[in-house]
Amino acid sequence: MSEAQLFRVGLTADFETLGRGLLGAALAEVLQPIPGILCETMPETDGIAKAEVLDRYDAVVALDYYFPAACFEGLERLGLIARWGVGYDRIEMPACTRAGVMVAITSDSVGRPVAEGILAMIFALAKGLPALDRNCRAGRWWQDSPWIVNLGGRVLGSVGTGNIAGELFGMAKGLGFKRLLTYSRRQSWPEGEALGVELVDLETVLRESDFLTVNCRLNERTRGMLGVHELSLMKPTAYLINTARGPIVDEAALLDALRRRRIAGAGLDVFDEEPLPPGHPFSQLDNVILTAHRIAKSEECRRDTSLSACRSVADFAQGRAPRFVANPEVFDHPRVRMRLSQVTSN
């Protein structure tokens, strides 16, 4: 097979730094057995994708690279970005779709791990575990004990529906919550309804949730959607848990609400700026649990995310549409229709 006939797969350069070792086993299991696929690490371009590099490849597996609109201009070869994870806020999606490039995410790998992380946050906040741990280490046996609550009879709410919310509600169903609430722009959510989840408006979720979880994607509609007004609707005894994306919650508004004890506390795995800068005001608060965008990064999650991303590439290389395409409107693009049919015919 000539060089021109190879299906070339580029791995963003940050897999050699931030993600060393993540893909090796999955590449060997999924892609190496397929004839004609060549995988290689892409040249480093300071974390920002460049058109002249992207178009050397038929597919790209992306970790944390930025894909600005300019990188999609004039593309002729690239047909797929397989994102390692489910977030795609670093990809300029309208430009990507206009260029006829599919974006595949790993929806089948993260739902359970993230939901378990959310529940861990809920239990830690409800039972005051950080404060109890600090007090015990300092020899304060019963002194300054935090106020703790049971989950039974409480209300669990979600902003957003989808795989993570579905997993969360499925696990929470047996924990004794009085009500399970969710807000979404969807008109219905059959999967949630089967679990007893009520689909309500945003104000109802905010006002009635004792534990409010954020499970929606970051886009222009959701950026800053939980701000001063929205947080003011929450109960003073309520907790907010955000494992989605930091900018969905107005950071200044959340800091103010936590400082003033306008809400009881928060569990945060994501932030406006990551890594969280040293000395950030969040780190000075005793009613916040902070984790470094790693609450779901179990060994199983890492393995399954790598496998899912590689399977998306394998599907495309063999003429099939990947299972979890985040921009399904791209299937109307003539370049995508032609590419899939061409590969299928081979």
Side-chain angles (χ1 to χ4, degrees), residues 87-90 114 117-118 121-122 124-126 128 130-131 146-147 149 154-162 164-165 168-169 177-186 189 197-293 295:
Y88 46 86
D89 48 289
R90 296 190 176 199
V114 176
I118 294 170
M121 289 278 201
I122 289 173
L125 290 165
W147 181 259
V149 300
R154 307 288 172 174
V155 176
L156 173 63
S158 170
V159 176
T161 54
I164 294 171
L168 173 64
F169 286 127
F177 284 102
K178 180 173 64 175
R179 297 177 71 192
L180 305 174
L181 306 178
T182 191
Y183 162 73
S184 172
R185 298 184 71 186
R186 293 185 181 190
W189 188 34
V197 182
E198 302 172 49
L199 189 61
V200 298
D201 58 51
L202 180 59
E203 183 171 320
T204 299
V205 170
L206 292 167
R207 288 189 184 279
E208 301 194 18
S209 294
D210 296 294
F211 298 91
L212 178 69
T213 65
V214 181
N215 298 304
C216 59
R217 301 195 187 283
L218 174 63
N219 52 41
E220 290 311 305
R221 181 182 60 82
T222 63
R223 187 179 296 274
M225 72 178 298
L226 299 182
V228 174
H229 172 69
E230 289 75 20
L231 295 175
S232 73
L233 299 178
M234 294 177 64
K235 302 175 184 178
T237 56
Y239 297 91
L240 183 144
I241 297 94
N242 186 8
T243 58
R245 286 293 186 269
I248 296 170
V249 182
D250 183 309
E251 192 168 277
L254 179 58
L255 276 166
D256 184 63
L258 290 166
R259 284 168 171 159
R260 295 169 49 215
R261 307 284 171 166
R262 182 60 192 79
I263 62 174
L268 304 175
D269 187 51
V270 290
F271 309 91
D272 281 1
E273 182 181 351
E274 297 181 5
L276 196 67
H280 190 282
F282 278 139
S283 64
Q284 312 303 316
L285 301 177
D286 63 4
N287 57 344
V288 184
I289 296 174
L290 305 175
T291 55
H293 207 151
I295 196 69

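From a predicted model like this one, the values you see are computed outputs, not experimental measurements.
- For the pair Asp286 (side chain) and Ala131 (backbone), a donor-acceptor distance under 3.5 Å is absent.
- Rounding to the nearest 0.5 angstrom, the gap separating the CZ atom in Arg185 from the CZ atom in Arg221 is 4.5 Å.
- Atom CG of Leu254 is separated from atom CZ of Arg259 by 10.0 Å, given to the nearest 0.5 angstrom.
- Counting only heavy atoms from C-beta outward, the side chains of Asp269 and Ile118 never approach each other to under 4.5 Å.
- Val214 places none of its side-chain heavy atoms less than 4.5 Å from the side chain of Val270.
- Side chain of Thr182 to main chain of Gly160: a donor-acceptor pair is present (N/O by atom type, distance under 3.5 Å, no hydrogens or angles).
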N/O donor-acceptor pairs under 3.5 Å from side chains in residues 223-234, not counting sequence neighbours:
from   : atom 1 : to     : atom 2 : distance (Å)
Glu230 : OE1    : Gly227 : N      : 2.9
Ser232 : OG     : His229 : O      : 2.5

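- The minimum heavy-atom distance between Asn287 and Ile263, with the atom names listed, is ND2-O, 4.2 Å.
- Asp89 places none of its side-chain heavy atoms less than 4.5 Å from the side chain of Asn219.
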Between Lys235 and Asp210, is a salt bridge (charged side-chain N to carboxylate O under 4.0 Å, His left out) present by the stated rule, with each step listed? CA-CA 7 Å; Lys235 302 175 184 178; Asp210 296 294; 2.9 Å; yes

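- Atoms OG1 and CZ, from Thr161 and Arg186 in turn, are 3.5 Å apart once rounded to the nearest 0.5 Å.
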Return a table of donor-acceptor pairs under 3.5 angstrom between the side chains of residues 236-243 and protein atoms on other chains or two or more places apart.
from   : atom 1 : to     : atom 2 : distance (Å)
Asn242 : OD1    : Ala244 : N      : 3.0
Asn242 : ND2    : Arg245 : O      : 3.1

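- Taking each heavy atom of Gly267 and Met121 in turn, the nearest pair found is CA-SD, 3.7 Å.
- In terms of heavy atoms, Leu255 sits closest to Pro281 at CD2-CB, 3.7 Å.
- For residues 241-270, the set of pairs meeting the ring-ring contact (aromatic ring centres under 6.0 Å, His included) definition, not counting sequence neighbours, is empty.
- Within the 3.5 Å criterion, the main-chain N or O of Arg217 finds a donor-acceptor partner in the side chain of Thr222.
- In terms of heavy-atom proximity, Val149 sits nearest to Trp147 at CG1-NE1, 3.8 Å.
- Closest non-hydrogen pair, Thr213 versus Asn215, comes out as OG1-ND2, 2.9 Å.
- Ser184 contributes atom OG, which lies 8.5 Å from atom CH2 of Trp189 (distance to the nearest 0.5 angstrom).
- Put simply, the side chain of His280 reaches to within 4.5 Å of the side chain of Glu251, judged on heavy atoms.
- Between Leu206 and Tyr183, every side-chain heavy-atom pair lies at or beyond the 4.5 Å cut-off.
- The CZ atom of Phe282 sits 7.5 Å away from the CG atom of Asp272 when rounded to the nearest 0.5 Å.
- Considering CG of Leu168 and CZ of Phe211, their distance stands at 11.5 Å, rounded to 0.5 Å.
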